[in-house]
Amino acid sequence: MTITSKKSLATKAAYNKIPSVQAKRVLQNKARRHAIKAGKAKVGDGKDVHHVRMLGKGGSGKDSNTKVVSRKTNRGWRKTNPKLYGRAK
């Protein structure tokens, strides 16, 4: 198990207290609950609920803006689309 520094934990705690971060997390959790209720995802299935239009770019948490994809697909988009993430070289 990796050991996380106190500074790193404090930084994460401060970040998670930001109201906009909390609002985004609420929408993500709500989308996950809707997908489970609709039978598109299961608890512990290793899948993520992907927002087609990102929440940070004005997307909504509606069912029409979400789809269930693998974690690798949902969390790996930064590598394939650096311009969207603001890390273009």
Side-chain angles (χ1 to χ4, degrees):
M1 180 192 305
T2 59
I3 299 173
T4 306
S5 70
K6 288 182 181 181
K7 182 179 179 182
S8 177
L9 289 174
T11 301
K12 288 179 184 179
Y15 175 76
N16 286 326
K17 288 182 182 178
I18 299 171
S20 61
V21 172
Q22 291 176 346
K24 182 179 171 185
R25 189 167 52 248
V26 166
L27 286 174
Q28 290 169 333
N29 291 340
K30 185 176 180 182
R32 176 76 185 178
R33 284 193 309 272
H34 279 249
I36 290 171
K37 189 173 182 180
K40 297 177 182 178
K42 296 180 183 176
V43 175
D45 63 359
K47 303 278 185 177
D48 279 355
V49 176
H50 168 71
H51 289 83
V52 178
R53 182 177 173 106
M54 294 183 282
L55 295 174
K57 299 283 184 180
S60 69
K62 294 182 180 180
D63 290 341
S64 61
N65 189 45
T66 61
K67 63 182 179 180
V68 178
V69 296
S70 71
R71 277 190 183 150
K72 183 177 180 181
T73 301
N74 194 42
R75 298 178 189 190
W77 66 268
R78 289 174 179 90
K79 293 177 186 174
T80 57
N81 299 304
K83 289 182 182 177
L84 287 176
Y85 189 52
R87 301 263 171 127
K89 293 181 180 181

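In this text, all values refer to a predicted model and were calculated from it rather than measured experimentally.
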Trace of the side chain to side chain contact (heavy atoms under 4.5 Å, CB included) decision for Q28 with H51
CA-CA 9 Å; Q28 290 169 333; H51 289 83; 4.2 Å; yes
Going by heavy atoms in the side chains, are R25 and N16 under 4.5 Å from each other?
yes
Does the side chain of T66 reach to within under 4.5 Å of the side chain of H34, using non-hydrogen atoms?
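Side chain of T66 against side chain of H34, heavy atoms only: no contact under 4.5 Å found.
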Any chance you could measure K40, atom NZ, to D63, atom CG, to the nearest 0.5 Å?
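If we round to the nearest 0.5 Å, K40:NZ and D63:CG are 5.5 Å apart.
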From CG (L55) to CG (N65), nearest 0.5 Å
7.0 Å
Apart from V43 itself, what residues make up its hydrophobic cluster when side-chain heavy atoms of I, L, V, M, F, W and Y under 4.5 Å apart count as a link, directly or indirectly?
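Reading the cluster by chain and number, V43 sits alongside I36.
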Checking one residue: V69. Which other hydrophobic residues are in its cluster under the side-chain 4.5 Å linking rule?
none
If every non-hydrogen atom of [X] is compared with every non-hydrogen atom of [Y], which pair is closest and at what distance?
X   : Y   : value
K47 : R32 : O-NH1, 2.9 Å
A35 : V49 : CB-CG2, 3.9 Å
G61 : A31 : O-CB, 4.5 Å

Taking R75's backbone N and O only, do any of them form a donor-acceptor pair with R71's side chain (distance below 3.5 Å, no angle check)?
no
Flag, side chain of N74 to backbone of H50, donor-acceptor distance under 3.5 Å:
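The answer is no, because no donor-acceptor pair under 3.5 Å joins these two groups.
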S8/S5 under side chain to side chain donor-acceptor pair (under 3.5 Å): CA gap, chis, key distance, verdict
CA-CA 5 Å; S8 177; S5 70; 4.6 Å; no
